[in-house]
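Worksheet for the structure shown next.
Every heavy atom of this structure was used, including side-chain atoms; hydrogens, water molecules and symmetry mates were not. Since the structure is predicted, the reported quantities are computational estimates derived from the model, not experimental observations.
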Amino acid sequence: VVVVEMVVVAVLGCTGVGKTKLSLLLGRAFDGEIINTDAMQLYNGLNIITNKATAEEQAIAKHHLLGVLPLAVHCNVVQFQQAAHSIVDELHNGNKLPIVVGGTNYYTESVLSSPMKRTPTADDNHNNELQSSSTTTASSATIATTTPSSVRNNDTMSTDKAYEELKAIDPVMAERLHPNNRRKILRSLKVFEQTGKRHSELLIEQAEDKAVLHHKPCVCFWIDCEQVELDRRLDARVDVMLEQGLLRELFEHYLFFLAHKSIFTISNGAVDSRCCETTHHQQEDAVGVADDDDDDDTRSGDGDGRRTHEHEQVCWDFERGVLQSIGFKEFAPLFEHLYGTNEMKRLNCCRENKSLCCGNNHLDTDMSMQSLLKGQESSTSLCCKVEGSVWELFENYLRDDKETYEVLNQCVDKMKQQTRRYSRKQTQWIRNRVCRERDGMYVYRLDATDLGRWEENVYDKAKGIVERALAHDMVPSNVALKPYVDDGSKISKWRKYHCETCDKTLNGDHEWEVHLKTKKHHRRRRKRHQQK
């Protein structure tokens with residue numbers, strides 16, 4: 001493994017703590033350029049829902065990997081890592097400081113770590129161009145003889161059937177994944193289909209790569225905030241997003257997705273019957289958990305991740321690509337509630353002419369992934385635009401119709417809840433994955449709780465640390481780093497639990513311990529005891 005002896009700065013932290021602000025200030029102070037590692041900000045558009053840096057902010061420091069992907073393209077972490085490593089090397093050659101910043105922590109880790117071996121993903125079928133796989137060692141003949149025919153046709157298989165296939169092929173990985181996590185179950189089946197190796201075995205091999213930094217020293221700033229204060233800020237930020245036009249941005253994209261259902265939905269044959277029967281405001285009551293080799297801090301909520309359109313059986317695929325952004329799944333009940341009304345028909349007028357909806361910046365997958373990732377943000381906006389006068393009438397309807405207004409408020413509350421939950425997941429990920437002992441890794445926790453002292457507590461400290469790092473005078477980490485334990489060693493120890501009282505499956509010791517303390521569990525256990 002080749003390790004480059006050049007400084008890389010990474011700005012980490014959960015959503016809403018000021019990562020963008022710090023990266024811009026450091027970029028201006030040290031002539032640095034910013035590499036985005038937010039998986040959803042890779043996509044063109046979605047400026048409000050992904051809280052993308054504004055044009056004015058991007059003018060302060062040059063940004064890379066921001067708004068470069070068409071909406072229909074799905075990027076995997078290995079493709080992203082290859083593009084990001086190339087950009088870091090170019091910046092070092094030009095005496096520029098690479099500043100890595102973003103909320104998808106797994107993508108951030110991929111930039112800092114040595115190159116990973118590629119494993120197939122469930123997204124591979126949706127892109128025209130695929131990178132060659134360094135882990136694909138088995139011949140097609142071998143795979144054909146070791147892979148059941150049902151696995152080779154797993155896209156149309158029910159989730160329950162796919163999970164049973166996985167238990168037979170790779171019981172270790174099946175024990176790790178939740179039975180409802182369709183996307184990752186199919187991905188593990190695809191790994192076996194295309195490589196002839198069990199996914200759990202490949203993860204153990206990949207763990208060795210993550211233990212070594214690709215560039216060092218690596219200066220990681222972990223911007224932290226007391227959770228109570230952060231929750232307040234996150235709720236307020238959702239309100240600001242609504243004022244900025246979040247609903248309009250969401251609905252314009254829903255119209256675009258409906259115009260291209262084959263790309264953004266899954267076939268009914270691939271969906272469990274309980275998913276196809278989903279009605280307004282119903283969601284799967286399942287706890288999902290991400291495995292170590294994927295973007296385990298993706299933004300979508302728990303459960304199977306599919307919703308069904310009441311009127312024409314459209315099953316949104318919220319577990320892949322741009323639809324993972326927090327907001328799409330949360331506001332789907334509102335879109336479904338309104339679908340078919342006269343107001344929606346006015347918004348839907350652009351669907352009558354599909355040529356208006358097929359801009360190359362959103363559907364063109366003819367370019368290679370690396371060409372797309374190295375491109376600049378497209379200035380072309382989404383084609384499914386809604387005229388201001390039409391949208392004004394629609395907003396009035398949202399306010400005046402009592403039932404619709406209640407659904408809207410429920411969706412807003414759900415988005416706030418999911419944003420708060422996501423922030424906790426991000427913080428836990430940083431503690432468990434970033435704060436580890438690795439040669440050349442330096443982690444500094446910066447407290448952003450007091451906004452009145454943000455520059456003093458965050459920027460001034462970060463600036464001083466970077467100055468010393470560039471002078472080859474490293475400041476010791478102010479975070480206790482745990483001994484490094486590779487992820488592969490944990491896979492075989494993973495345990496799944498099933499609560500008979502609640503008829504619920506939990507993944508891992510942590511989820512099991514949390515579940516046993518919930519009021520719902522204790523209430524059901526008392527009721528069951530009384531019945532006996």
Side-chain angles (χ1 to χ4, degrees), residues 1-12 23 26-27 30-44 52-53 58 61-70 73-121 123-124 127-136 206 208-220 293-295 364-378 438 440-441 470:
V1 176
V2 178
V3 180
V4 181
E5 298 284 346
M6 297 287 282
V7 175
V8 171
V9 173
V11 180
L12 307 171
S23 65
L26 292 177
F30 296 101
D31 192 25
E33 296 186 9
I34 296 170
I35 301 173
N36 165 59
T37 57
D38 187 303
M40 298 300 101
Q41 291 187 11
L42 284 171
Y43 291 98
N44 178 255
K52 192 178 295 181
Q58 293 182 45
K62 185 176 179 179
H63 284 63
H64 301 269
L65 300 175
L66 186 71
V68 294
L69 290 185
V73 171
H74 301 139
C75 174
N76 65 55
V77 69
V78 178
Q79 293 167 329
F80 175 85
Q81 184 192 54
Q82 292 169 348
H85 279 176
S86 175
I87 293 170
V88 171
D89 292 339
E90 290 174 5
L91 294 180
H92 279 152
N93 292 335
N95 292 319
K96 298 279 188 178
L97 177 66
I99 302 172
V100 179
V101 58
T104 306
N105 291 316
Y106 189 74
Y107 275 41
T108 302
E109 185 186 43
S110 76
V111 181
L112 307 182
S113 303
S114 60
M116 292 184 292
K117 300 179 180 69
R118 187 187 188 282
T119 56
T121 72
D123 293 340
D124 286 350
N127 294 332
N128 293 335
E129 298 261 343
L130 297 178
Q131 299 293 320
S132 60
S133 173
S134 60
T135 60
T136 306
Q206 284 186 338
E208 301 174 0
D209 300 330
K210 298 178 184 178
V212 180
L213 297 177
H214 189 52
H215 302 83
K216 69 176 187 179
C218 180
V219 179
C220 291
D293 71 316
D294 200 1
D295 46 331
D364 184 10
T365 57
D366 291 336
M367 296 176 65
S368 70
M369 181 63 69
Q370 293 306 307
S371 297
L372 288 169
L373 290 173
K374 284 196 172 186
Q376 298 297 316
E377 181 174 13
S378 173
R438 283 185 278 186
M441 172 71 79
L470 294 175

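Side chains of D31 and K96 form a contact here, defined as non-hydrogen atoms less than 4.5 Å apart. Residues M40 and T104 fail the side-chain proximity criterion, which asks for heavy atoms closer than 4.5 Å. Looking at heavy atoms from C-beta onward, H215 lies in side-chain contact with D89 at the 4.5 angstrom threshold. Put simply, the side chain of Q81 does not reach to within 4.5 Å of the side chain of H214, judged on heavy atoms. Side chains of R438 and L112 form no contact here, defined as non-hydrogen atoms less than 4.5 Å apart. Looking only at side-chain heavy atoms (C-beta outward), V8 and L213 stay at 4.5 Å or farther from each other.
Residues A61 and G32 approach most closely at CB-O, 3.9 Å, considering heavy atoms. Across all non-hydrogen atoms, the minimal contact from P98 to V88 is CG-CG1, 4.0 Å. When every heavy atom of L42 is checked against every heavy atom of N36, the shortest pair comes out as N-ND2, 3.8 Å. The nearest pair of heavy atoms linking C220 to M441 is SG-SD, 3.5 Å. For the pair Y107 and C75, the tightest heavy-atom approach, listed with the atom from each and the gap, is OH-O, 3.2 Å. A pairwise comparison of heavy atoms in K52 and Y43 identifies NZ-O, 2.8 Å as the closest pair.
Note that CG of L97 is 9.5 Å distant from CE of M6, once rounded to the nearest 0.5 Å. Annotation: the span from I34 atom CD1 to H64 atom NE2 amounts to 9.0 Å, rounded to 0.5 Å. Note that CG of L65 is 11.5 Å distant from CG of D38, once rounded to the nearest 0.5 Å. Residue T108 holds its OG1 atom at 6.0 Å from CG of L12, rounded to the nearest 0.5 Å. Atoms CD1 and CG, on I99 and L91 in that order, are 9.5 Å from each other to the nearest 0.5 Å.
Looking at residues two or more places apart in sequence or on another chain, you find no side-chain hydrogen bond (donor to acceptor under 3.5 Å, both in side chains) involving S110.
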